[in-house]
Amino acid sequence: MELDAETFEKLVVDELDRLPDDMVDGLENVVFVVEDAPENGEDLFGLYEGFALTERGQYGLGELPDRIIVYRHAHLAACRTEDELRDEIHTTLVHEIAHFYGIDDAQLHELGWA
């Protein structure tokens, strides 16, 4: 599947807007970023960079924001239709936001979001 960066980013924003309020209302000092692919060449759909709420002590005093990165190339390579792409972006957003809340990959796998 092919999609330019601007259109892909719009899909990410659309899917972010569709997430439940109680999931996104608690996000504090987090930015969402779309990149083509990880610099290290890993095959990832997304990445959470930061400290989960469960690991934070005193936080927020001049701290750089945590980042949730959605990787465009991995999503496009895995999907054939826009509906599949939207579903995969949605899953990636839920997965990475869950890391913000301290849910690890094992728990996400059990919940069907891995």
Is [Y] close to [X] at the side-chain level, that is, under 4.5 Å between some pair of heavy atoms?
X	Y	result
Leu44	Pro38	yes
Phe8	Val34	yes
Leu108	Asp105	yes
Leu19	Leu93	yes
Met1	Thr81	no

Atom [atom1] in [X], atom [atom2] in [Y]: separation rounded to 0.5 Å?
X	Y	atom1	atom2	result
Ile68	Phe32	CD1	CZ	4.0 Å
Glu96	Glu49	CD	CD	10.0 Å
Asp66	Ile97	CG	CD1	12.0 Å
Glu15	Arg18	CD	CZ	5.0 Å

- Query: Under the salt bridge (Lys or Arg N to Asp or Glu O under 4.0 Å) test, which residues partner Asp14, sequence neighbours left out?
  - Reply: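 Testing Asp14 for salt bridge (Lys or Arg N to Asp or Glu O under 4.0 Å), a comparison that skips the adjacent residues, returns Arg86.
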- Item | With Glu6 via salt bridge (Lys or Arg N to Asp or Glu O under 4.0 Å) - residues at least two apart |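 If we apply the salt bridge (Lys or Arg N to Asp or Glu O under 4.0 Å) test to Glu6, skipping adjacent residues, the hits are Lys10.
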- Under 3.5 Å donor-acceptor, Tyr101 side chain and Met23 backbone: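 Such a contact is found between Tyr101 side chain and Met23 backbone.
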- Are any of the side-chain nitrogens in Glu35 or Arg67 under 4.0 Å away from the carboxylate oxygens of its partner?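 Salt bridge: yes.
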- Message: Looking only at the side chains, is there a donor atom on one of Asp104 and His99 sitting less than 3.5 Å from an acceptor on the other?
- Response: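 No donor-acceptor contact under 3.5 Å links the two side chains.
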- The single option from Asp4, Thr7, Asp36 passing side chain to side chain donor-acceptor pair (under 3.5 Å) against Arg72: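 Result: among Asp4, Thr7, Asp36, Asp36 is the only option passing the side chain to side chain donor-acceptor pair (under 3.5 Å) with Arg72.
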- Query: What pair of heavy atoms forms the shortest contact from Glu88 to Cys79, and how long is it?
  - Reply: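 The answer is CB-SG, 3.9 Å.
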